[in-house]
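The structure appears right after this line, and notes come after that.
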Amino acid sequence: MEASVHFLVVPVNRQPDMGFWLQADSPEEARRLVSLNVPQMEYATNEGYATCEQDQTHSPPYGVIVEGSGRTFTIKKRY
């Protein structure tokens, strides 16, 4: 099994420093976790709504999503 990496999910037309960082096994998983656990980001799985790239700017621990503003979200839902 591959180790999780850090991803940045950013809504289109939003500055990257205000995106969401988290650990995931793939971009698809990162999008899904943001979609399920961050209010008003339910469309993050849609590539037209948000981008997703590997990014090590922030390195939150497993099970946490960190917004660029410093706000954190606990990953409670995975599916």
Got a second to check how far [X]'s [atom1] is from [Y]'s [atom2], nearest 0.5 Å?
X: Ser69; Y: Arg71; atom1: OG; atom2: CZ; answer: 7.0 Å
X: Asp25; Y: Phe7; atom1: CG; atom2: CZ; answer: 8.0 Å
X: His6; Y: Glu53; atom1: NE2; atom2: CD; answer: 16.0 Å
X: Leu22; Y: Ile65; atom1: CG; atom2: CD1; answer: 5.0 Å
X: Glu67; Y: Trp21; atom1: CD; atom2: CH2; answer: 9.0 Å
X: Glu29; Y: Cys52; atom1: CD; atom2: SG; answer: 10.0 Å

Looking at [X] and [Y], what are the two nearest heavy atoms and their distance?
X: Val34; Y: Ala44; value: CG1-CB, 4.0 Å
X: Leu33; Y: Arg78; value: CD1-NH1, 3.6 Å
X: Ala50; Y: Val9; value: CB-CG1, 4.0 Å

Notebook entry, point to check: Could you walk me through whether Met41 and Ser35 pass the side chain to side chain contact (heavy atoms under 4.5 Å, CB included) check?
Noted result: CA-CA 5 Å; Met41 284 298 294; Ser35 174; 6.0 Å; no
Item checked: Residue pair Phe20, Val10: steps toward the side chain to side chain contact (heavy atoms under 4.5 Å, CB included) verdict -> CA-CA 6 Å; Phe20 301 91; Val10 182; over 6 Å; no
Margin query: Connecting only ILVMFWY residues whose side-chain heavy atoms lie within less than 4.5 Å of each other, what is the rest of Leu36's hydrophobic cluster?
Written below: none
Next item on the list: Would you confirm whether Asn37, through its side chain, and Lys76, through its main-chain N or O, come within 3.5 Å as a donor-acceptor pair?
Entry: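 Yes, the answer is positive, given that a donor and an acceptor are paired below the 3.5 Å cut-off.
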Note to self: Could you check whether any side-chain N or O of Gln23 sits under 3.5 Å from a backbone N or O of Pro60, counting only pairs where one atom can act as donor and the other as acceptor?
What the structure shows: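 At least one qualifying donor-acceptor pair exists.
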Note to self: I'd like to know if Glu42 pairs up with Arg31 as an ion pair, taking the criterion as any Lys NZ or Arg NE/NH1/NH2 lying under 4.0 Å from an Asp or Glu carboxylate oxygen.
What the structure shows: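 No.
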Check: Does the side chain of Pro11 come within less than 4.5 Å of Tyr43's, by heavy atoms?
Finding: no
Next item on the list: Kindly indicate whether the side chain of Phe73, heavy atoms from C-beta on, has any atom under 4.5 Å from the side chain of Val64.
Entry: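 Not touching, per the 4.5 Å side-chain cut-off.
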Item checked: CD (Gln15) with more than 12 external heavy atoms under 6.0 Å ->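 Check fails, neighbour count at 12 or below.
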